[in-house]
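First up is the structure itself, then whatever we jot down about it.
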Amino acid sequence: MASPKTAGRVLLPPSINPVRYDLKFSPDFENFTFAGDTNIELTTTSSVNVGNEIKMHAKELCFATASYVVKGVGDGEEKVADEIRVNIKETTVTFVFGENLPANASLILSIQYTGFLNNQMAGFYRSSYTDIHGESKIMASTQFESLDARRAFPCWDEPGRKAIFGVTLTVPKNMDAFSNMPELSNKTLKGGKKKELTFLDTPIMSTYLVAFCIGEFDYVQAQTSHGVLVRVYTPPGKSDAGVFALDCATKSLDAYDDFFGIPYPLPKLDMVAIPEFAMGAMENWGLVTYREVDLLIDPTKASSNQKQRVCTVVTHELAHQWFGNLVTMTWWDDLWLNEGFASWAENWAADVLFPSWSMWDQFTTGHLSSAMRLDALKSSHPIQVPIHRAEEVEEVFDAISYCKGGSVVKMARAVLGMKAFQKGLGTYMKRHAYGNTETFDLWKAWEESSGMPVGEMMASWTTQMGFPLVTVTGEKWEGNQVTLTLEQEWFLSDGSPLTGEEKAKKWCIPLLTCTSEGTQKDMIFMREKTATVTIALPSKDGWVKLNAGQDVPMRVKLTSEMIDRLGLGIKSKTLPPADRAALLTDSYALVKAGKMKPESLIKLLSNYIDEDSYIVWSGIAEILGGLDTVMSDDLVMSNNFKNFAHKIVMGLYNKVGWEAKPTDGHLGVLLRGMMIGLLSTFCYDDSAVAAEASRRFALFQQNHADMKSLPSDMRSSVFKIVLKNGGAREYQEVKAYFGQATDNAERKHVLGALGHSSDPKLKHSTLMWTISGEIKLQDFFYPMGSVRSSSREGRHIAWIFYKQNFKAIKAMIGNASPSLMDAVIVSCGGGFCSDEKANEIEEFFKANPMPRSSRKIQQTIENMRANANFMATLQSSDLAKSMFWSSL
């Protein structure tokens, strides 16, 4: 009988289990097919229900024969399947035999079949690329998470059905091939045109982690201090581009060894750049695959943003070698155990490698902000989301599983302290190595290491959707202390009224506070709807900030007295950057929800006139961008706001300037890049800005290697300024760089900028280019997003394009990862701020259902309705009056 936890899950029968797979693949690079030969060692249970069928997962495979023998029975008689039933909808194959399978036995199942080397970036698939000699080449690689191992071989494609894998590849003699484990043998086959490579057995692991790559590669390699050989495989001629990622990998692998107290368990780690890749990267055990832009860095051109991106993607994937690979969730409803922890660990390891990058401050305006934007919607979902059919997991590879999951782990670390946090993780890893777990197993390990009721505290954050708003409902300032009365409720982005049941929701909230003397050591838990807390002050006019360091995913509504006092902390910068940013982002969310006056937000911004922190400006930029989008439907208010934003941005421009300074450091370079991005939105028509952008673009046109005139950190933004002020000539010049650029990071500058031409015809040309076949499917949605985000007019052009070309787009990516269609939907249909448009988009998808993207569609529409409410709030406030803006 199914347990309550597994009830309703669609699983393969438990009476047959795989122990070991021996997989042989022989790809045909001319016809884009492959021959597969799979032998699987199985065990049957003692159950009388074994029957005469073996049911497995399979998708897009064509079966020739299947048979089994009983292991250990001398010359066991081969039993050949009488019937092979393929269920396309369930993605299963059932082999039916003439008699019942023996119970409590070991079988060797042999299957011969063929499959397709598809171009959908899923399963065993092909990528095309142009080599250093200008020749078009094909390579093959795998992407099996979540449900695509079944596209390469018949299997029990469930994370809890772990087994050992032996892999053999027959490939052209001129190609390299590698898999999760090192080579066992390499032999040339008769005729001399092909070779057969066999690899060592893997540890016991889940099907979605099996991987292999076939193609032509160069590599760089190094050994970690603990003796693991690490290689970065690159396209031929580009091995230098792998050096930075290699350095990040060797150092972070050692750091994780020490942190978890368990050495990396495989003899090697390969990291491979794949020319066409749907995700950012995939953590296959011992063979991590990446988008080229997320692994390879041109040492002469790479921007600081790109270096940070490569570092954090590498550290994220290598964290998975423990959290996900060594210890794996039992079922997809605990996906967050993989992704949430890796999202925390990527920042921890990057901070170890590059402490000057302030990764934990960046976390608050990055991961935490993304999580709270999505989790404030009613169409969000809990971190631990019930998954009945495995296909449902494709919809939860999102900011909840990754970013909110990471935020909850960060909160746990703050509450437990690093010592107990780390000790509990070590216990968890050792106890469950090579096994499967559920969330409560992690809570139990932390309870043992800390003596705290972790399960009780964390349940409210992982099993229920959303997060709290903590409102200060009372305050009593008495000399050297303040007593605050607090109340919690569920926070929704549109501020819609809560039902009685919704009002009853509550969280176990750790109350962390800080003053000008630092973070308070005393911490209390707010378990009920209300709480009272007393905080010591350094002086009678001192300030206090709730949710110090933004360690808890929640919003805070302060009193006007608290905001006034915090003004001193903002101006003197004694309030840390993450907290200065949070005051603004919380205020913006409160205004949007109708819980704070818009005028108060604009006046609060005036406290930041001398702000020069990249972290804080990340928050300011988010607010300016959000207000710009919402106000764009009201031309008068929009113009007034743009003038206000112009003043703020030009203030930063006067501080930072165009030219790099020796004192910049990593965050200084990021700040300048962000500033020029803001110039491209709010100040592109400023004569001095336009002239300087034009001058730098002209120098770049003369020499694309001129990194002084146009560094990569500002390249995309300068393209936008030039396009907005130019015409067809500038458009063609920017577009031409796409073909001239030597790496994908540079091509992305074009893809993200081209839609910003002011000419509607050129916007439309950009959109038609996306479906021309000239842009790889992994990137074709970027220009759509550039058109949509370029202006109010761009939004309408992009949505009309999507409707008119819906069938063509669906034909291009219908069988690919749903994340691609999600990206297209947001790139073409996001950003509207009216109920009318929300209704139109809702009706379109009712008439044209996209079940694999239904959650993303629902969230996009809910965001539009929230923005429509926000617009109504702004129009009924003083922000609708020109006099308000002129008074600032």
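These figures come from a predicted structure and were not determined experimentally. Atoms considered below: every heavy atom in the structure, side chains included; atoms not considered: hydrogens, waters and symmetry mates.
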> Mind checking whether Phe397 and Tyr402 have parallel, tilted or perpendicular rings, split at 30° and 60°?
Replying inline: tilted
> Between the side chain of Ser370 and the main-chain N/O of Gly366, is any donor-acceptor distance below 3.5 Å?
Replying inline: yes
> With no hydrogens and no angle check, is any side-chain donor or acceptor of Arg788 less than 3.5 Å from a backbone partner on Gly831?
Replying inline: no
How about [X] and [Y]: does a side-chain donor come under 3.5 Å of a side-chain acceptor?
{"X": "Thr92", "Y": "Asn87", "result": "no"}
{"X": "Gln859", "Y": "Ser379", "result": "no"}
{"X": "His320", "Y": "Glu339", "result": "yes"}
{"X": "Glu622", "Y": "Ser369", "result": "yes"}

Interatomic distance, [X] atom [atom1] to [Y] atom [atom2] [nearest 0.5 angstrom]:
{"X": "Glu317", "Y": "Leu269", "atom1": "CD", "atom2": "CG", "answer": "11.0 Å"}
{"X": "Ser343", "Y": "Phe323", "atom1": "OG", "atom2": "CZ", "answer": "11.5 Å"}
{"X": "Met282", "Y": "Leu209", "atom1": "CE", "atom2": "CG", "answer": "5.0 Å"}
{"X": "Tyr233", "Y": "Leu287", "atom1": "OH", "atom2": "CG", "answer": "9.0 Å"}
{"X": "Ser493", "Y": "Leu377", "atom1": "OG", "atom2": "CG", "answer": "4.5 Å"}
{"X": "Ser146", "Y": "Ile387", "atom1": "OG", "atom2": "CD1", "answer": "9.0 Å"}

Would you call [X] and [Y] a salt bridge, using N to O less than 4.0 angstrom?
{"X": "Arg161", "Y": "Glu158", "value": "yes"}
{"X": "Glu746", "Y": "Lys301", "value": "no"}
{"X": "Asp333", "Y": "Arg9", "value": "yes"}
{"X": "Lys763", "Y": "Glu793", "value": "no"}
{"X": "Asp157", "Y": "Arg151", "value": "no"}
{"X": "Glu840", "Y": "Lys803", "value": "yes"}
{"X": "Glu292", "Y": "Arg747", "value": "no"}

> Taking everything shown except Gln740 itself, do over 12 heavy atoms lie less than 6.0 Å from its CD?
Replying inline: yes
Using ring centroids (six-membered ring only for Trp), state whether [Y] and [X] fall under 6.0 Å.
{"X": "Trp769", "Y": "Phe738", "answer": "yes"}
{"X": "Tyr208", "Y": "Trp332", "answer": "yes"}
{"X": "His796", "Y": "Phe832", "answer": "yes"}
{"X": "Tyr113", "Y": "Phe153", "answer": "no"}

Do [X] and [Y] have side chains that get closer than 4.5 Å, going by heavy atoms?
{"X": "Tyr802", "Y": "Ile825", "result": "yes"}
{"X": "Leu147", "Y": "Thr91", "result": "no"}
{"X": "Glu276", "Y": "Met139", "result": "no"}
{"X": "Phe781", "Y": "Leu820", "result": "yes"}
{"X": "Ser680", "Y": "Phe719", "result": "no"}
{"X": "Ser401", "Y": "His381", "result": "yes"}

Heavy-atom closest contact ([X] atom, [Y] atom, distance):
{"X": "Lys720", "Y": "Gly752", "answer": "CE-O, 3.5 Å"}
{"X": "Leu754", "Y": "Leu723", "answer": "CA-CD1, 3.8 Å"}
{"X": "Thr860", "Y": "Gly829", "answer": "CG2-O, 4.1 Å"}

Residues in ring pair (Phe, Tyr, Trp, His ring centres under 6.0 Å) with [X], at least two apart?
{"X": "Tyr125", "result": "none"}
{"X": "Phe363", "result": "Trp360, His367"}
{"X": "His764", "result": "none"}

>> Test side-chain contact (heavy atoms from CB on, under 4.5 Å) on Phe780 and Ile813; report intermediate values, then the result.
In response: CA-CA 11 Å; Phe780 85 131; Ile813 58 172; 3.9 Å; yes
> Given Lys404 and Leu374, is the side-chain contact (heavy atoms from CB on, under 4.5 Å) satisfied, shown in steps?
Replying inline: CA-CA 9 Å; Lys404 188 181 179 187; Leu374 179 53; over 6 Å; no
> Could you walk me through whether Glu145 and Val393 pass the side-chain contact (heavy atoms from CB on, under 4.5 Å) check?
Replying inline: CA-CA 10 Å; Glu145 191 180 28; Val393 76; over 6 Å; no
> Which residue, Leu61, Asp28, Leu169, Ile214, forms the side-chain contact (heavy atoms from CB on, under 4.5 Å) with Phe34?
Replying inline: Leu61
> Between Ser712 and His749, does a side-chain contact (heavy atoms from CB on, under 4.5 Å) hold up when you go through it step by step?
Replying inline: CA-CA 8 Å; Ser712 290; His749 293 317; 4.1 Å; yes
